[in-house]
Number of protein chains: 2
Amino acid sequence: MSALDDTDRRLLRLLQEDAARPASEIGRELGLSQPAAWRRIRRLREIGALKGRRLDLDAAALGFGVTVFLGVKLARTGRANLEDFERAVSAIREVQTVEHVLGLYDYRLRVVARDLADFERVLRRRIMTLPGIGPVEANVLLSEERLPGPI
Amino acid sequence: MSALDDTDRRLLRLLQEDAARPASEIGRELGLSQPAAWRRIRRLREIGALKGRRLDLDAAALGFGVTVFLGVKLARTGRANLEDFERAVSAIREVQTVEHVLGLYDYRLRVVARDLADFERVLRRRIMTLPGIGPVEANVLLSEERLPGPI
DNA sequence: GCTGAAACTCATTACGT
DNA sequence: ACGTAATGAGTTTCAGC
């Protein structure tokens, strides 16, 4: 596909720490000129490695103190199709992420709420009423650490 | 805790779609001048709501075609402390996220690998040898959708 | 708190190696 | 694929309303 060299990997690691870092600074740390670093970034975007830049929000600071991961299994009976489920779950405002997975569960959801009482409301009125939903398992987030990863 | 108004929330929603969107464009969509929009962004950063900007990388395009979520329970016996476990798991290159959770599992890990054979190697040689590790459950990521969330 | 303009930085293009 | 130089766009600060 595209043969990333070692410089590309170092560049991605630098940008992963702070995506707002300017190309001039990236270039300085890589021993490249500013346009050279910028061209590498553009190329990484063109080959699809770099999909975009996203905000890193602090949900707690915004009044959403509770984050819960839900493992969802679809009901065996009635075989509601996956599209119906996905469409319905995507319409729930409190759901941040929908992951279709293979294993003990069919879907994994990341859900935020203002507090546990608010979460119970979401769970009972929005989640448990989803079409085709089966057993649900929950884990409450205590703390989270993001690592650079293998790239 | 500083009273976000509705304009702040609309602003965050706009920036969530693309964190590189210029303040001038944000301002135009909110009916604000460019410096006014920029001051709101700075304020959101100052109160901690906006922690930074992160890259949205495509692991598959970078040669990591397999993403697996692991639910980890620590062993009851031996009571290795959490710090030991966290330090060891953070040193594994293939681990992207470490979440400390409450529920059926103690930790949830997001792990990437080049392919399933590579994942088996990571699982056997890195994950299963972690200090204090107990039962492990795995879900393979098929597809993932990020939603705007309630903010 | 907003506007308008100045100063500065960064992104992007052009051109030559 | 890189560098220098030039351009245009975006950010950040400042003075005034």
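Within every chain, numbering begins at 1; the chains are lettered A, B, ... in the order of the sequence lines, protein sequences first and strands thereafter.
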With B:Arg40, which residues qualify under salt bridge (Lys or Arg N to Asp or Glu O under 4.0 Å), at least two apart?
B:Asp5, B:Asp8

Write down the distance between CZ (A:Arg42) and P (D:dC2), rounded to a whole number of angstrom.
12 Å

In whole angstroms, the gap separating P of C:dC2 from CZ of B:Arg28 amounts to 17 Å

Spacing of A:Leu11 atom CG relative to D:dC2 atom P, expressed in whole Å
11 Å

Backbone of B:Ala113 reached by a side-chain donor or acceptor of B:Asp118 within 3.5 Å
no

Restricting to side chain to side chain contact (heavy atoms under 4.5 Å, CB included), what partner residues turn up for A:Pro22, sequence neighbours left out?
A:Ser24, A:Glu25

Within residues 44-57 of chain A or reaching into it, pairs that qualify as side-chain hydrogen bond (donor to acceptor under 3.5 Å, both in side chains) - sequence neighbours excluded:
none

Nearest-Å distance for atom pair CZ/C1', residues B:Arg53 and C:dC10:
12 Å

In this structure, how many angstroms lie between the C1' atom of D:dG10 and the CD1 atom of B:Ile26, rounded?
13 Å

In whole angstrom, what separates B:Gln34's CD from C:dT3's C1'?
11 Å

Separation of A:Trp38 atom CH2 from D:dT4 atom P, in whole Å?
18 Å

Does A:Gln96 have any side-chain hydrogen bond (donor to acceptor under 3.5 Å, both in side chains) partners at least two apart in sequence or in another chain, and if so, which?
A:Arg110

Residues forming a side chain to side chain contact (heavy atoms under 4.5 Å, CB included) with B:Leu30, sequence neighbours excluded:
B:Thr7, B:Arg10, B:Leu11, B:Leu14, B:Ile26, B:Leu32

Hey, mind stepping through A:Val140 and B:Val101 against side chain to side chain contact (heavy atoms under 4.5 Å, CB included) and telling me if it holds?
CA-CA 5 Å; A:Val140 178; B:Val101 294; over 6 Å; no

Selection residues 86-98 of chain B - residue pairs positive for salt bridge (charged side-chain N to carboxylate O under 4.0 Å, His left out), sequence neighbours left out:
B:Asp84-B:Arg87, B:Glu94-B:Arg121

Minimum-distance nucleotide to A:Leu32 side chain [options: C:dA11, D:dG3, C:dC2]
D:dG3

Nearest-angstrom distance from the residue atom CZ of B:Arg43 to C1' of D:dT11
20 Å

Looking only at the side chain of A:Ser33 (C-beta and beyond, no hydrogens), which of the listed nucleotides D:dT11, D:dT4, C:dA11 gets closest?
D:dT4

May I ask you to list the residues of residues 16-23 of chain A, by number, that have any heavy atom positioned under 4.0 Å from an atom of DNA chain C?
A:Pro22, A:Ala23

Listing time: all N or O pairs from protein to nucleotides 14-17 of chain C that are below 3.5 Å?
none

Sequence neighbours excluded, which residues qualify as side chain to side chain contact (heavy atoms under 4.5 Å, CB included) partners of B:Glu17?
B:Arg21

Compute the angle between the rotation axes at the two ends of the helix from C:dG1-D:dC17 to C:dT17-D:dA1, each taken over five pairs, rounded to 10 degrees.
20°

Applying side-chain hydrogen bond (donor to acceptor under 3.5 Å, both in side chains) as the test, list every pair that has at least one member in residues 130-142 of chain A; sequence neighbours left out.
A:Tyr105-A:Glu137

Just to verify, what does A:Glu145 make a side-chain hydrogen bond (donor to acceptor under 3.5 Å, both in side chains) with, not counting sequence neighbours?
B:Ser90

